[in-house]
Amino acid sequence: MKWNVVLFLGLAASTLVFAIRSGTSGGVSERGRVVYDQYCQRCHGSDGSGGKGPYDIRTREVWKSEPRDLILVLAFGASGRTVYGQPGIRLGMPPAPYSDEDLAAVAMYAMQNIGKRTVKITAEEVSDVKAEHLTRMRDQRAK
Ligand code: HEC
C-alpha cells in the first residue's frame, strides 16, 4: 500500500472514531453532557430539579419555546424571577463561559434531558442569536 493511501485510511478511521465517540444520539453529543455535568449541574442538579440548590427549572417556558430563547439564557444569563429565602432576594444566572460549539452542545443536551425535546442547535445558530441580541441592545441604548 502506498503511504498516501495508508494516511488517508488512518484519517478516515480517526474521523469515524471521533464521530462515534462524540456519541450523537438524536443529535445530542457527549460534549453537551460533559459541559452540563461540569458547570450547570451544581446549580440545577443533574435533572434540572435544582438538586441541592434552589434552581428548579424543569417547568420553565423555555423548554417549550424556540431554541433561540434557551440560547439567550445560556449566552447572556437570566435574571432570577423566583424569590429565594427572604423577600427581595432574587438570584440570577451568569452567562455560561463557553464557546459557541459548547453552548450549542449543552443547549441540545439540556433540551433533551430536561425539556424532553430533541432539537438541533448549531454553533452558527448560537453565534447568530448572540450577534442579533447584541445589535438589538446597542440600538436600544442609542435611542
Ligand atoms: C451559578 C449557578 C448557575 C449555573 C452554573 C447555571 N445556572 Fe441556570 N439558572 C441559575 C439561576 C439562579 C436561574 C434563575 C432562576 C429563576 O429564575 O428562578 C437560572 C435559570 C436557568 C434557566 C431558566 C431561565 C428562564 O428564563 O426560565 C435555564 C433554562 C437554565 N438556567 C439553564 C442552565 C444551563 C443549561 C446551565 C449550564 C450551561 C446553567 N443554567 C448554569 C443559576 C445557574
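We count ligands from 1, going down the list as the structure has it; atoms in each ligand are counted the same way.
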Q: If I take every N, O or S atom of Met93, is at least one of them less than 2.8 Å from atom 8 (Fe) of ligand 1?
A: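 Of the N, O and S atoms in Met93, at least one lies under 2.8 Å from atom 8 (Fe) of ligand 1, which means yes.
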Q: For ligand 1, which atoms sit closer than 4.0 Å to a heavy atom of Trp63?
A: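 Taking each heavy atom of Trp63 in turn, ligand 1 has 29 (C) under 4.0 Å.
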Q: What part of His44 sits under 4.0 Å from ligand 1 if we count only heavy atoms: the side chain, the backbone, both or neither?
A: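 Under 4.0 Å from ligand 1, His44 contributes side-chain atoms alone.
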Q: Would you check whether Arg60 has a nitrogen or oxygen atom less than 3.5 angstrom from a nitrogen or oxygen atom of ligand 1?
A: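 Yes - when backbone and side-chain N and O of Arg60 are compared with those of ligand 1, one distance drops under 3.5 Å.
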Q: If only side-chain N and O atoms count, and only distance matters, is there a donor-acceptor pair under 3.5 Å linking Gln41 with Ser46?
A: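 Result is no, nothing qualifies.
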Q: Which ligand 1 atoms are under 4.0 Å away from a heavy-atom of Val62?
A: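 Listed by number with element, the hits are 29 (C).
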Q: Classify the contact between Leu74 and ligand 1 as side chain, backbone, both or neither, using a heavy-atom distance cut-off of under 4.0 Å.
A: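 The part of Leu74 near ligand 1 is the side chain, not the backbone.
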Q: Check ligand 1 against Cys43 and write out every atom of the ligand that is under 4.0 Å from a heavy-atom position of the residue.
A: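 The list of qualifying atoms is 1 (C), 2 (C), 3 (C), 4 (C), 5 (C), 42 (C), 43 (C).
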Q: Which pairs with one or both residues in residues 56-79 pass ring pair (Phe, Tyr, Trp, His ring centres under 6.0 Å), sequence neighbours excluded?
A: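 Every pair satisfying ring pair (Phe, Tyr, Trp, His ring centres under 6.0 Å) with a residue in residues 56-79: Phe76-His133.
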Q: Taking side-chain hydrogen bond (donor to acceptor under 3.5 Å, both in side chains) as the definition, give me every residue that meets it alongside Arg136, ordered by chain and number, with sequence neighbours left out.
A: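 Scan of Arg136 (side-chain hydrogen bond (donor to acceptor under 3.5 Å, both in side chains), adjacent residues dropped) gives Glu132.
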Q: Quick one: does Val129's side chain get under 4.5 Å of Leu72's, heavy atoms only?
A: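 A side-chain contact under 4.5 Å exists here.
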Q: Can you tell which part of Tyr39 has a heavy atom less than 4.0 Å from ligand 1: side chain, backbone, both or neither?
A: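 Under 4.0 Å from ligand 1, Tyr39 contributes backbone and side-chain atoms.
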Q: Would you say Cys40 has an N, O or S atom lying under 2.8 Å from atom 8 (Fe) of ligand 1?
A: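 No, Cys40 does not qualify, because none of its backbone or side-chain N, O or S atoms lies under 2.8 Å.
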Q: Which heavy atom of Gly32 sits nearest to which heavy atom of Val106, and what is that distance?
A: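 Closest pair (atom of Gly32, atom of Val106, distance): O-CG2, 3.7 Å.
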Q: Just by distance, do the side chain of Arg33 and the backbone of Ser29 share a donor-acceptor pair under 3.5 Å?
A: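 No; zero donor-acceptor contacts below 3.5 Å.
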Q: If I compare all heavy atoms of Ile114 with all of Ile57, which pair ends up nearest, and what's the gap?
A: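 That closest heavy-atom pairing would be CD1-CD1, 4.1 Å.
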Q: If you count the atoms of ligand 1 from 1 in the order shown, which ones are under 4.0 Å from a heavy atom of Leu70?
A: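 Near Leu70, meaning under 4.0 Å from one of its heavy atoms, ligand 1 has 29 (C).
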